[in-house]
Amino acid sequence: MSRSELLEQIYTIVSRIPEGRVTTYGRVAKMTEGATARMVGRAMAQLPDGHGLPWHRVVNASLKVTEHDGSVHQREQLRAEGVAFDARGRINRELLWP
């Protein structure tokens, strides 16, 4: 499968994550035909401004927001959707999609 086909699969999956829910890079990868969690992370990082994809709903396997340039914004967007973080910065497992 080509890289562009994998990216299309990744973006399609991410577009389906409902508001107020999250999934992990690894879960997205498992729903594709060959992507890795790292590839999913890179795909999210390379999105152009104004894309509209809910990238903020993809978190790491520890159910935390991975630290990066947009992590503060990501947490703000998740909180705006009703996603709460515990004292360790983790998201409740009950919010995992699918």
Side-chain angles (χ1 to χ4, degrees):
M1 175 162 287
S2 73
R3 177 168 164 68
S4 63
E5 290 171 320
L6 277 176
L7 284 173
E8 186 175 331
Q9 285 184 357
I10 291 167
Y11 295 148
T12 298
I13 292 162
V14 171
S15 73
R16 294 180 180 156
I17 305 168
E19 185 174 321
R21 303 288 299 274
V22 298
T23 196
T24 66
Y25 299 106
R27 282 180 175 234
V28 172
K30 286 179 183 175
M31 290 183 242
T32 69
E33 295 177 32
T36 64
R38 193 164 293 213
M39 289 172 73
V40 174
R42 279 196 304 267
M44 297 300 98
Q46 295 174 357
L47 286 168
D49 290 339
H51 54 77
L53 199 68
W55 63 273
H56 60 283
R57 297 178 187 151
V58 184
V59 298
N60 67 35
S62 298
L63 298 180
K64 292 176 137 182
V65 170
T66 300
E67 292 302 320
H68 54 82
D69 290 344
S71 59
V72 170
H73 180 63
Q74 183 175 6
R75 283 186 198 89
E76 289 171 354
Q77 286 187 287
L78 288 169
R79 283 187 185 107
E81 292 183 2
V83 174
F85 297 86
D86 69 14
R88 292 182 174 164
R90 290 191 178 122
I91 298 166
N92 187 321
R93 186 166 287 286
E94 292 177 8
L95 296 178
L96 270 176
W97 174 89

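Since we're looking at a predicted model, the values are computed, not measured.
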| remark: Note: Pro54 and Ser15 closest approach over all heavy atoms is CD-CA, 4.0 Å

| query | Hey, does the side chain of Arg57 reach the backbone of Arg21 with a donor-acceptor pair shorter than 3.5 angstrom? | reply | no

| Is there side-chain contact between Phe85 and Asn92, with heavy atoms separated by less than 4.5 Å? | no

| request: Verify whether one side chain among Thr12 and Gln9 offers a donor that lies under 3.5 Å from an acceptor in the other. | output: no

| query | Is a side-chain donor or acceptor of Glu19 paired with a backbone partner of Glu81 at a separation under 3.5 angstrom? | reply | no

| request: Of all the heavy-atom pairs spanning Ala29 and Ala37, show the shortest one and how long it is. | output: CB-N, 3.6 Å

| Close side-chain approach of Arg16 to Pro98, heavy-atom, < 4.5 Å | no

| request: Give a yes or no on whether Trp97 and Val58 share a hydrophobic cluster (residues Ile, Leu, Val, Met, Phe, Trp, Tyr; joining criterion: side-chain heavy atoms under 4.5 Å apart). | output: yes

| request: Group every Ile, Leu, Val, Met, Phe, Trp and Tyr by side-chain heavy-atom contacts under 4.5 Å, then state whether Leu63 and Val83 land in the same group. | output: yes

| field | More than 12 heavy atoms from other groups under 6.0 Å of CZ on Arg79 | value | yes

| said: Other residues, nucleotides and ligands only: do more than 12 of their heavy atoms fall within 6.0 Å of CG on Asp86? | reply: yes

| said: Working to the nearest 0.5 angstrom, can you tell me the gap between Ile17 CD1 and His56 NE2? | reply: 8.5 Å

| field | Rounded distance [0.5 Å steps], CG in Leu7 versus CE in Met1 | value | 11.0 Å

| CA sep, side-chain torsions, deciding dist, call: Val59, Ile91, side chain to side chain contact (heavy atoms under 4.5 Å, CB included) | CA-CA 9 Å; Val59 298; Ile91 298 166; 3.9 Å; yes

| field | Leu96/Arg27 under side chain to side chain contact (heavy atoms under 4.5 Å, CB included): CA gap, chis, key distance, verdict | value | CA-CA 10 Å; Leu96 270 176; Arg27 282 180 175 234; 3.5 Å; yes

| said: Please report the interatomic distance CD(Gln46) to NE2(His51), rounded to the nearest 0.5 Å. | reply: 12.0 Å

| note | CZ (Arg42) and OH (Tyr25) are apart, to the nearest 0.5 Å, by 12.5 Å

| query | Which heavy atom of Gly20 sits nearest a heavy atom of Leu95, and at what distance? | reply | O-CD2, 3.6 Å

| task | Of all the heavy-atom pairs spanning His68 and Trp55, show the shortest one and how long it is. | result | CE1-CZ3, 3.9 Å

| Reported CG-to-NE2 distance for the pair Leu78 and His73, which is rounded to 0.5 angstrom | 10.0 Å

| said: Could you check whether any side-chain N or O of Glu5 sits under 3.5 Å from a backbone N or O of Ser2, counting only pairs where one atom can act as donor and the other as acceptor? | reply: yes

| request: State, to 0.1 Å, how close Thr24 and Ala61 come at their nearest heavy-atom pair, and which atoms those are. | output: CG2-CA, 4.1 Å

| said: Using the side chain to side chain contact (heavy atoms under 4.5 Å, CB included) definition, which of the options Val28, Thr32, Leu6 pairs with Met39? | reply: Leu6

| note | dist Gln74:CD -> Lys64:NZ (nearest 0.5 Å) comes out at 13.5 Å

| Does Tyr11 use its side chain to pair, donor to acceptor, with the backbone of Ala43 at less than 3.5 Å? | yes

